[in-house]
Amino acid sequence: MKKYIPFQIEPKWQKKWKEAGLYLTDLSEAKDKYYALVELPYTSGDLHMGHWFTFTMGDILARFKARLGFNVLFPNGFDAFGLPAENAAIKKGIHPRDWTYKNMEKMRDQFETLGTSIDWTKTMVACDPKYYKWNQWIFLKMLEKDLAYKGKLLSNWCPTDHCVLANENVDSGKCWRCGTEVIQKEVDQWLFRITSYADRLLWQDPPQVDWPKPLREGQNDWIGKSEGVNLRFKVSGMDIYFEMFDSVPQTFMAQTFTVIAPEHPMVYELVKGTEQEKPVMEFVEKIRKKKASDRFKVDQDMEGIFTGRYVEYTPTGKNIPIWVASFVVFEYGTGVVNSSAHDERDFVFAKKYGIPLHPVMFPKDSNEALKVKNLEYCYHRAPRGILQEPAEFKGRKWQEAREDIINYIEKKGYGKRAVQYHLHDWSISRQRYWGTPIPVIYCDKCGTVPVPEKDLPVELPYKVDCAPKGKPPLATAEDWVNTDCPKCSGPAKREVETMDTFVDSAWYFFRYLDSENDVEIFDKKIAKAWMPLEIYIGGPEHALGHALYSRFFTMVFKDLGLIDFDEYAKKRIHHGIILGPDGSRMSKSRGNVVNPDKEVKNYGADAIRLYLMFLGPFDIVTSWNPNGVNGAYHFLQRVWRLYEKVDEKVEVFTSADLRIMHKTIKKATEDIEAIKFNTAIAFLMEWLNHLSRKEKVSIEEYKTFLLILAPFAPHITEELWSYFTSKKASEGKQWSIHKQSWPKFDNKYLEEEEISIVVQVNGKVRDILVMHKDIIRDKEVVETKALDSKKVQKFLKGKSVKKTVYIQGKIISFVVSS
RNA sequence: GCCCAGGUGCUGGAAUUGGUAGACAGUGCAGCCUUAAGAGCUGUUGUCCGCAAGGACGUGAGGGUUCGAGUCCCUCCCUGGGCACCA
């Protein structure tokens, strides 16, 4: 037999599969459908080890389910818009589109070497107008439904580059590109009103779909729903009212001061023309600068300044001072907070600046009450705290008084029941070239006019210089910018900003189903038949961004009548990470990148796939071990050589042969189903060890082995399978091992004749007895046999058995005393 | 600081969910085979005592529940990952 040389057989079969259309899915057959998805890759230009890891997982599930008889769809596409393309354009002078398409071609070839069963006819490319036309269509629908609007948002702003910067692109308060000092500025942006879906996006317990708990908890925390009251009071001597959100209304009588966010426009109104104007505004400027720098740590940098103004706080009849404080978040609630002794932060702040406190709930215990006098207790809400004020509530437990207090506050007219969310609307405007143009036209006469649906897509002009010029790149494409108003046909200008790339990834899995459709976003019937996804494999880093936005889009699609479900994936799993051999994240700068292409040349795709899957559970974070691939390669070679032992005359199976075969089928079937590929492979290895020890191996055993190994190592198994079926190679697709049905196991072979019973004395193993399966049912027989054991007797000598515990077929345990 | 994972041999990991800890691999060591190999095969590889039989210890540390704990409970330590200053 010739040697196992992966690079001779792998490309051969990849070509044959492609020619035969082996993995094409017929979407009209939606019965028993199985739609598996891996998060789409970005067109970076290289398929890295992480892609191999995740796509192999998806591929194994896809192949396995297909073998079980499901109609499987396993598509892929490309996330092709975004900043790296634009950076490459600036750095290397390549057009973003050319850079992206060149990378994509290379990555498609790399995917080929991995040997996946991806159906590449169902695909999408984010930067293709055929795709982003529908981003624009969604935008128009959002506008219609008042889910898209133009608003102002406080952002990191680089005045030189004229763009908003993400936190990670601000280096010590300076722009990462040009080094200009970043300022906090209110910027006009297009926003999606995701907040109006906040309640629907909240996860219920138990959840409707099988998504990871950390993701669900994370999203709920991110949405951050909190209920309470909005208190409303007049600023003394001014025609200004303060609205303050309070999630613990029980403490409203404890308010002794109020704090306002430095960014709040009202700060200036408060101090204008007073002697406090100069110091307060200087303070505001100082905090703005601090916040713009990434070094700002609230707890360490808690500072404030008195505005000289007071709020007329009617519940207590007192005027309470208004402070500007660094720790107040402008974006949350109203940006104004009522402060009391019962909040830790407020307490610390008050202590720092000598502001008087007035606690209104005390612990029950009198000893604890002493501490209260020293105010040590005031900063937190004593769990067993008893309210003292208002007088109507004296003596009640604070937790239980909540609803009554809220009603009381409403009745007295101090404020109203209110709900606050941490979640804010999704800003989709980007001052970039390489993204979906926002389909809006500005006309001097008609104002903001949406591009009519019939004029979609608004295509990106090709000739645009991306270099920073103090305005968005698209603004420089004058031919493109200047257009006619769709309403009055007068001169008008296009929106020059583009969409966030998270828009692209929020719904792409719908488009795979109908990617060529230029009449509709997708065919409703196909979507109804094929969605939701059976499984969505992705990274935990997308749990808050992508995974929330895509849920939001799905709900909007439902409200648009496109689909009839809320959640787009029945199951989501978060994969692990393959670190470099040195145990840190693979990165070019560290020089610890393991290049899959190189490994494929040495060991072949099958060995790498097998190694990655054998490494550990799917969510493992572990480093690449060069010897490990060698081990997987070694295993495949042994499978290859085992062929020489196959003898068609061998039919006699021993019960041990049958047991291990059926046990392997059972374990592999269950473990793949449960996404425990590492243990499934371990059982195959055990079986291989068993088969290798035999003189001859039957055809049935060998073929069954290949049938189970096939999803993990699709090439070598196809090659070996072909040695048995070469004559029928012309018949449809049935020649392929990947079209054979999954082997079945029979429980009758699994039962063991001889069973090991562990004998324990006082919890320690003293002997292991092998008994026939028929006698283990009888406790007394087992007990007698166990007591017969010399090894056991040694430990029973001179002691009496107080108790005997027998777990059938497993263990017999004697409890003895001396 | 808070939240979520997790801590098992030299290494990656396994453990029927409370029942023989270390499956399956990798590495190292010893040996066989070969003119040779980045090939193959066999044995061995948690620690300690012992020639051996055997025994003691052992799943981050300490305590508890139990006939029996890697698994359950409490306290603490450590390592990853995430975070939103949330009134």
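The chains referred to below are lettered A, B, ... by the order of the sequence lines, with proteins before strands, and numbering in each begins at 1.
- Rounded to an integer number of Å, the gap from CG of A:Leu612 to C1' of B:A25 is 14 Å.
- Note on A:Asn689: only backbone sugar-phosphate atoms sit closer than 4.0 angstrom, heavy atoms only; bases stay farther off.
- Residue A:Ile811 is classed as a base contact, given a heavy-atom separation below 4.0 Å to a base.
- As rounded to the nearest Å, B:G82 and B:A30 have C1' atoms that lie 49 Å from one another.
- Only the C1' atoms considered, B:G9 is 14 Å distant from B:C57, to the nearest whole Å.
- The base of B:G19 is paired with the side chain of A:Gln760 by a donor and an acceptor separated by under 3.5 Å.
- Every side-chain hydrogen bond (donor to acceptor under 3.5 Å, both in side chains) that A:Thr669 has, sequence neighbours left out, goes to A:Trp742.
- In the set B:G13, B:G19, B:A25, the nucleotide with an atom closest to the side chain of A:Lys810 is B:G19.
- In the set B:A87, B:C4, B:G54, the nucleotide with an atom closest to the side chain of A:Lys791 is B:G54.
- Look at B:A23: it lacks any Watson-Crick or wobble partner with both distances under 3.5 angstrom.
- Atom NZ of A:Lys663 is separated from atom P of B:A23 by 14 Å (rounded to the nearest Å).
- When the C1' atom is compared between B:U71 and B:G60, the two are found 16 Å apart, to the nearest whole Å.
- The same atom, P, is picked in B:U27 and in B:U75; the two are 44 Å apart, to the nearest Å.
- As rounded to the nearest Å, B:A15 and B:C24 have P atoms that lie 13 Å from one another.
- Here the shortest heavy-atom pairing between A:Ile305 and A:Phe283 reads CG2-CD2, 3.5 Å.
- Note: CH2 (A:Trp687) to C1' (B:A23) measures 18 Å, nearest angstrom.
- Using C1' as the reference atom, B:G22 and B:G7 are 16 Å apart when rounded to the nearest Å.
- Nucleotides B:A25 and B:U44 have their P atoms positioned 14 Å apart, rounded to a whole Å.
- Counting to the nearest Å, the P atom of B:G12 and the CD1 atom of A:Ile608 are 21 Å from each other.
- Separating the CG atom of A:Leu750 from the C1' atom of B:U16 is a distance of 13 Å, rounded to the nearest angstrom.
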N/O-N/O pairs, protein side and nucleotides 56-59 of chain B side, under 3.5 Å:
residue : atom : partner  : partner atom : Å
B:A56   : OP1  : A:Arg766 : NH1          : 3.3
B:A56   : OP1  : A:Arg766 : NH2          : 3.3
B:A56   : OP2  : A:Arg766 : NH1          : 3.4
B:C57   : OP2  : A:Lys764 : NZ           : 2.8

How far apart are the C-alpha atoms of A:Tyr611 and A:Trp624, what are their side-chain angles, what is the distance that settles it, and do they pass the ring-ring contact (aromatic ring centres under 6.0 Å, His included) test? CA-CA 10 Å; A:Tyr611 164 66; A:Trp624 176 269; 4.9 Å; yes

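- If you check B:A37 for Watson-Crick or wobble pairing at under 3.5 angstrom, you find it has no partner at all.
- Qualifying side-chain contact (heavy atoms from CB on, under 4.5 Å) partners for A:Gln8, counting only residues two or more places apart in sequence or in other chains: A:Ile5.
- Across all strands, A:Pro540 comes closer than 4.0 Å to no nucleic acid atom at all (heavy-atom distances).
- In this structure B:U17 sits in the syn conformation; its chi angle is within 90° of 0.
- Candidate nucleotides B:C83, B:A23, B:C86 were compared by shortest atom distance to the side chain of A:Glu686, and B:A23 ranks first.
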Donor-acceptor list for residues 222-233 of chain A side chains, cut-off 3.5 Å, not counting sequence neighbours:
residue  : atom : partner  : partner atom : Å
A:Lys225 : NZ   : A:Asp199 : OD1          : 2.6
A:Ser226 : OG   : A:Tyr332 : OH           : 3.1
A:Asn230 : ND2  : A:Glu243 : OE1          : 3.4

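- For B:C86 and B:G81, the C1' atoms lie 22 Å apart once the distance is rounded to whole Å.
- Counting non-hydrogen atoms of neighbouring residues, nucleotides and ligands closer than 6.0 angstrom, the NZ atom of A:Lys416 reaches no more than 12 such neighbours.
- Not counting sequence neighbours, the partners of A:His424 by the ring-ring contact (aromatic ring centres under 6.0 Å, His included) test are A:His422.
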Output a table of nitrogen or oxygen pairs between the protein and nucleotides 37-46 of chain B separated by less than 3.5 Å.
residue : atom : partner  : partner atom : Å
B:G40   : O3'  : A:Arg641 : NH2          : 3.3

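- Nearest to the side-chain atoms of A:Glu217 among the listed nucleotides B:G12, B:C4, B:C85 stands B:C4.
- Classified by interplanar angle (parallel below 30°, tilted 30° to 60°, perpendicular above 60°), the ring pair A:Trp323/A:Tyr353 is tilted.
- A:Ile660 pairs by the side-chain contact (heavy atoms from CB on, under 4.5 Å) definition with A:Thr664, A:Trp687, A:His690, not counting sequence neighbours.
- B:G9: glycosidic angle within 90° of 0, hence syn.
- Residue pairs satisfying the salt bridge (Lys or Arg N to Asp or Glu O under 4.0 Å) criterion with at least one member in residues 249-262 of chain A, sequence neighbours excluded, are absent.
- For A:Lys601, there are no side-chain hydrogen bond (donor to acceptor under 3.5 Å, both in side chains) partners two or more places apart in sequence or in a different chain.
- Judged as a side-chain hydrogen bond (donor to acceptor under 3.5 Å, both in side chains), the pairs with a partner in residues 760-769 of chain A (not counting sequence neighbours) are, in order, A:Asp767-A:Ser789.
- The environment of CD in A:Glu780 is sparse: at most 12 heavy-atom neighbours from other residues, nucleotides or ligands sit within 6.0 Å.
- A:Lys794 comes within 4.0 angstrom of the backbone, heavy atoms only, and of no base.
- In this view, A:Phe330 and A:His264 satisfy the ring-ring contact (aromatic ring centres under 6.0 Å, His included) rule, not counting sequence neighbours.
- Listed by residue number, A:Lys676, A:Asn678, A:Thr679, A:Ala682 are the residues of residues 674-684 of chain A with a heavy-atom contact under 4.0 Å to RNA chain B.
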